[in-house]
Amino acid sequence: MDVMGDMATLFGTGRFARPAGPGPIAGEVDDVADEAAEEVRRRLAAESGDVEAMSVLGAMLLRRGDLDGAETPLRSATAAGDRAAANNLGVLLYQRGYADEAAGWWRIAAVAGSAPAAHALGRYFRERGDEPAAEYWLRQAAEQGHVLGAYALAALLEHRGEETAEHWMRVAAERGHREAAYRLARMLDRGAAPDDAEDRTRDDVVDEAASAGEAREAEQWYRQAAARGHRRAALLLGAILERRGDLREAGRWYLTSARDGEVQAACALGFLLRDAGDCESASRWWLRAAREGDANAANALGALHAQRGETETAERWYRTAMEAGDDNGTYNLGLLCAERGRTAQAEQWYRRAAYAGHREAANALAILLLRGGDPTGAEPWFSRAAESGSVDAAFNLGILHAERGEEAAALRWYERAAAAGHADAALQVGMARLRAGDEPGAERHLRGAAGAGNAEAAFRLADLLDARRPPVPDHGLGERGHERTESEEWYERAATLGHRRAQVRIGMLAAGRGDVVAAARWYREAAEAGSRNGAFNLGLLLAREGSEPEAVLWWRRAAEAGHGRAALRLALVFARRGELVEGRRWADRAVSSGPAEVADRAARLSEALRQELSA
């Protein structure tokens, strides 16, 4: 509680404080004065009937904790009408456990105009649940400029959800109240939070500038509170700066907060250090936070040790996180067991986390059951995870229904996953739209998947765009020269992502432009990745450039993989060299590999070689 009046001010912490000002407060001894001598002087003056001396002496003894010694001079000064003494007497009685008697003296002082007494009385009523009385007296204190009164009033109004709470919180913050600065920042932060509703109105859009302004102001109040030693404000300021990309300053505030004992700041600092490549320092902060019960830090330590192959240590930290009530720890235990082949234990931990509502654990459990040959058991867990927002589970449900031939159900889940940004699901929706003849819908979904880095979608999109162009004769080695089109750009995107058919196609386009080097590079990439067409086309290119021995090597690879044209080329090469037996063997391979026109030519060649051999 507060000591009242001009004589002395006793805050709720039980400490006296000296407000900013040129001179010392009455009732307190100057830092360089001899306190004992001052007490003797005040005591002598009090004994001679000096009311002010009685009040100050009582305040000095109260500050020292000498309640018995303080009570007599405070009662004497109060009886003489000193409002500061009345307030201090209330503090003394409150500390002795006589709250109701204390309130009586505070009321006397407050009615006499004491802002600290009004604040103390307001808090008294707030503790007893009498909010109307609490508001009345706290407002009296706040309107007289009492900082603690303004803060307590703001806290009461905020508790009731009243808009005027922000005004009084701002008043207290502007007068240097650290907690008020923090709570004002929190109010502004909540006001600046984006609206998650899908159907945003025009007014919502107009208000975005105002929200941005509130966010900036919130940051400034966080900064002020943090600078005054508020560790939670330092944590949230660090988070704002980290989101903005100011990692160095964010790290400084996280460090300040963590050193002051904020566990979440220690954990956040660990992640910041890990991302900067300093895993050793990160582990030290995570260890500090984990020992204080932070489950996120325990999980992070588990992941760090798991990456190092220290599975036993990782398991210990995951268990620590789980025991702290974090379902992520349980899920991570399941992952660790699955990686080590302990399927039964993995299922146990996945199931435990899934029952607790962990959607990724539900998805992992469903996958485990599906791989174990239990699609019936897997489906409800996929559904549970998908309904909880797991995009992967929605996609997996699509696969499950597609494998059963339930195309409509599969498409519904694919569409749901695609709407959430799942590239593979968008590809499936695009292909379904294409099969249904809905080219605009197919293109839209293929573009989404291709833009997200799906190579197959990029190839399919390029193929769709390519089909809209006038047909261009295929010359085997490539196509006729033409201007670069959007379809070629998507073929190249897919080729860069490792799509073999796209690599062959982009090689053909390069060959058509006469760019033999680029064509050979793309054909070779496709061939080395196992593409029969890539190997065949690379052979054609090499043969045309005079490197028939190397061409034969690539044709052989393609022919052995079932490429009929490559087998026919080999048959012709060996026949020309006079190696008729080898030539006939490849001709027969070409007959069996096809296609029909190749098989027909190969059959005639095989017969000719047979006759030549039997002649």
Worksheet item: To the nearest 0.5 Å, what is the distance between OH (Tyr491) and CG (Asp466)?
Response: 4.0 Å

Discussion item. Any non-hydrogen side-chain atom of Met187 less than 4.5 Å from a side-chain atom of Arg190?
Written reply: yes

Discussion item. Check the orientation of His499 and Phe459. Use parallel for under 30°, tilted for 30 to 60°, and perpendicular for over 60°.
Written reply: parallel

Worksheet item: Side-chain contact, heavy-atom cut-off 4.5 Å: Leu369 with Glu347?
Response: yes

Discussion item. Tell me whether Arg557 is salt-bridged to Glu528, with the criterion being a basic N under 4.0 Å from an acidic carboxylate O.
Written reply: no

Discussion item. If we ignore hydrogens and angles and just use 3.5 Å, is the side chain of Tyr254 paired with the main-chain N or O of Ala239 as donor and acceptor?
Written reply: yes

Practice prompt. Please answer whether the main-chain N or O of Asp260 pairs with a side-chain N or O of Arg231 as donor and acceptor at a distance below 3.5 Å.
Written response: yes

Worksheet, complete the sentence: Taken to the nearest 0.5 Å, the spacing of Leu269 CG from Arg288 CZ works out to 9.5 Å

Item to complete: Find out whether Arg524 and Arg521 are in side-chain contact, i.e. whether some heavy atom of one side chain is under 4.5 Å from a heavy atom of the other.
Response: no

Practice prompt. Anything under 30° is parallel, anything over 60° is perpendicular, the rest tilted; go ahead and classify His230 against Tyr182.
Written response: parallel

Practice prompt. Could you tell me whether the side chain of Tyr523 and the main chain of Met508 form a donor-acceptor pair under 3.5 Å?
Written response: yes

Enumerate donor-acceptor pairs with a distance under 3.5 Å from any side-chain N or O in residues 423-435 to protein atoms, sequence neighbours excluded.
residue	atom	partner	partner atom	Å
Asp424	OD1	Asn454	ND2	2.6
Arg433	NH2	Glu415	OE2	2.4

Worksheet item: Are the side chains of Arg274 and Ser283 in touch, meaning some heavy atoms are under 4.5 Å apart?
Response: no

Worksheet item: What orientation do Tyr414 and Phe395 show, parallel under 30°, tilted 30 to 60°, or perpendicular over 60°?
Response: tilted

Item to complete: Could you give me the CA-CA distance, side-chain angles and deciding distance for Ile240 and Arg243, then say whether side chain to side chain contact (heavy atoms under 4.5 Å, CB included) is met?
Response: CA-CA 5 Å; Ile240 290 170; Arg243 288 195 296 270; 3.4 Å; yes

Discussion item. Does this structure show an ion pair linking Arg170 with Glu166, if we count only N-O contacts that are shorter than 4.0 Å?
Written reply: yes

Worksheet item: Do Trp286 and Cys267 have side-chain heavy atoms sitting under 4.5 Å apart?
Response: yes

Discussion item. Before you tell me yes or no, could you show the steps for Arg319 and Glu315 under salt bridge (Lys or Arg N to Asp or Glu O under 4.0 Å), namely the whole-Å CA-CA distance, both residues' side-chain angles and the distance that decides it to 0.1 Å?
Written reply: CA-CA 6 Å; Arg319 285 182 182 274; Glu315 183 171 343; 3.2 Å; yes

Worksheet item: Got a sec, which residues hit salt bridge (charged side-chain N to carboxylate O under 4.0 Å, His left out) with Arg412, two or more places apart in sequence or on another chain?
Response: none

Worksheet item: Does the salt bridge (Lys or Arg N to Asp or Glu O under 4.0 Å) test come out yes or no for Glu179 and Arg228, once each step is laid out?
Response: CA-CA 9 Å; Glu179 187 66 21; Arg228 294 172 186 150; over 6 Å; no

Item to complete: State whether the side chain of Ser257 and the backbone N or O of Trp253 hold a donor-acceptor pair below 3.5 Å, judged by distance alone.
Response: no

Fill in: Closest non-hydrogen atom pair between Ala346 and Cys337, with its separation
N-CB, 3.7 Å

Practice prompt. Using a strict cut-off of less than 4.0 Å between a Lys/Arg side-chain nitrogen and an Asp/Glu carboxylate oxygen, indicate whether Asp463 and Arg501 qualify as a salt bridge.
Written response: no

Discussion item. Could you tell me if the side chain of Tyr318 sits less than 4.5 Å from the side chain of Asn299, heavy atoms only?
Written reply: yes

Worksheet item: For Arg248, does the CZ atom sit with more than 12 other heavy atoms under 6.0 Å from it, leaving out its own atoms?
Response: no

Discussion item. Does atom CZ (Arg565) have a neighbourhood of more than 12 heavy atoms from anything else shown, all under 6.0 Å?
Written reply: no

Discussion item. Under a 3.5 Å distance rule, please check whether Arg352 uses its side chain to pair with a backbone N or O of Thr330 as donor and acceptor.
Written reply: no

Fill in: Glu486/Arg447 ion pair, N-O < 4.0 Å
yes

Worksheet entry | Where Phe271 and Asn296 come nearest, the two heavy atoms and their spacing | CZ-O, 4.5 Å

Item to complete: Identify the two heavy atoms, one from Gly453 and one from Leu497, that lie closest to each other, and give their separation to 0.1 Å.
Response: O-CD1, 3.4 Å

Worksheet item: What distance separates Gln307 CD from Glu310 CD, expressed to the nearest 0.5 Å?
Response: 11.0 Å

Discussion item. If I take atom CG from residue Leu236 and atom CG from residue Leu241, how far apart are they, to the nearest 0.5 angstrom?
Written reply: 11.0 Å

Worksheet item: Under 3.5 Å, is there a donor-acceptor pair between the side chain of Arg532 and the main chain of Gly562?
Response: yes

Discussion item. Taking the side chain as everything from C-beta on, heavy atoms only, tell me whether Leu370 gets closer than 4.5 Å to Ile367.
Written reply: no

Practice prompt. Kindly check if the number of other-residue, nucleotide or ligand heavy atoms within 6.0 Å of CZ (Arg340) is above 12?
Written response: yes

Worksheet entry | Ala495 backbone acceptor or donor facing Gln503 side chain under 3.5 Å | yes

Response to the item:
Distance col, row Ser531:OG vs His563:NE2, nearest 0.5 angstrom, shows 8.0 Å

Worksheet item: Between Trp349 and Leu335, is any pair of side-chain heavy atoms under 4.5 Å apart?
Response: no

Worksheet item: Between Arg223 and Glu219, is there a salt bridge with N-O shorter than 4.0 Å?
Response: yes

Discussion item. Side chain to side chain contact (heavy atoms under 4.5 Å, CB included), that's the test. Do Arg308 and Cys279 meet it? Break it down for me.
Written reply: CA-CA 11 Å; Arg308 294 172 176 172; Cys279 290; 4.3 Å; yes

Worksheet item: Would you call Glu488-Arg513 a salt bridge at under 4.0 Å N-O?
Response: yes

Worksheet item: Can you name the nearest heavy-atom pair linking Ser390 to Ala393, along with the distance?
Response: OG-N, 3.2 Å

Worksheet item: If you count the non-hydrogen atoms of other residues, nucleotides and ligands that lie under 6.0 Å from CZ in Arg291, is the total more than 12?
Response: no

Practice prompt. Begin from the C-alpha positions of Arg244 and Asp246 and carry the test side chain to side chain contact (heavy atoms under 4.5 Å, CB included) through to its verdict.
Written response: CA-CA 6 Å; Arg244 188 190 299 157; Asp246 296 338; 3.3 Å; yes

Worksheet item: Do Glu280 and Arg284 pass the salt bridge (Lys or Arg N to Asp or Glu O under 4.0 Å) test, and can you show the C-alpha distance, the side-chain angles, and the key distance before you say yes or no?
Response: CA-CA 7 Å; Glu280 290 304 317; Arg284 287 196 294 272; 5.3 Å; no

Worksheet item: Can any side-chain N or O of Asn396 pair as donor or acceptor with the backbone N or O of Asp392 at less than 3.5 Å?
Response: yes

Discussion item. Show, in sequence, the C-alpha distance, side-chain angles and deciding distance for Trp490 and Leu446, and conclude whether the side chain to side chain contact (heavy atoms under 4.5 Å, CB included) test is met.
Written reply: CA-CA 11 Å; Trp490 285 111; Leu446 290 174; over 6 Å; no

Response to the item:
Minimal heavy-atom distance between Ala559 and Ala566, with the atoms involved, is N-CB, 3.7 Å

Worksheet item: Less than 4.0 Å between a side-chain N and a carboxylate O, is that true for Glu489 and Arg493?
Response: no

Fill in: Nearest heavy atoms of Ala173 and Leu184, plus distance in Å
CB-CD2, 4.1 Å

Worksheet item: Could you state the interatomic distance from CD (Gln220) to CG (Leu237), rounded to the nearest 0.5 Å?
Response: 9.0 Å

Discussion item. Glu312: which residues meet the salt bridge (charged side-chain N to carboxylate O under 4.0 Å, His left out) condition with it, sequence neighbours left out?
Written reply: none

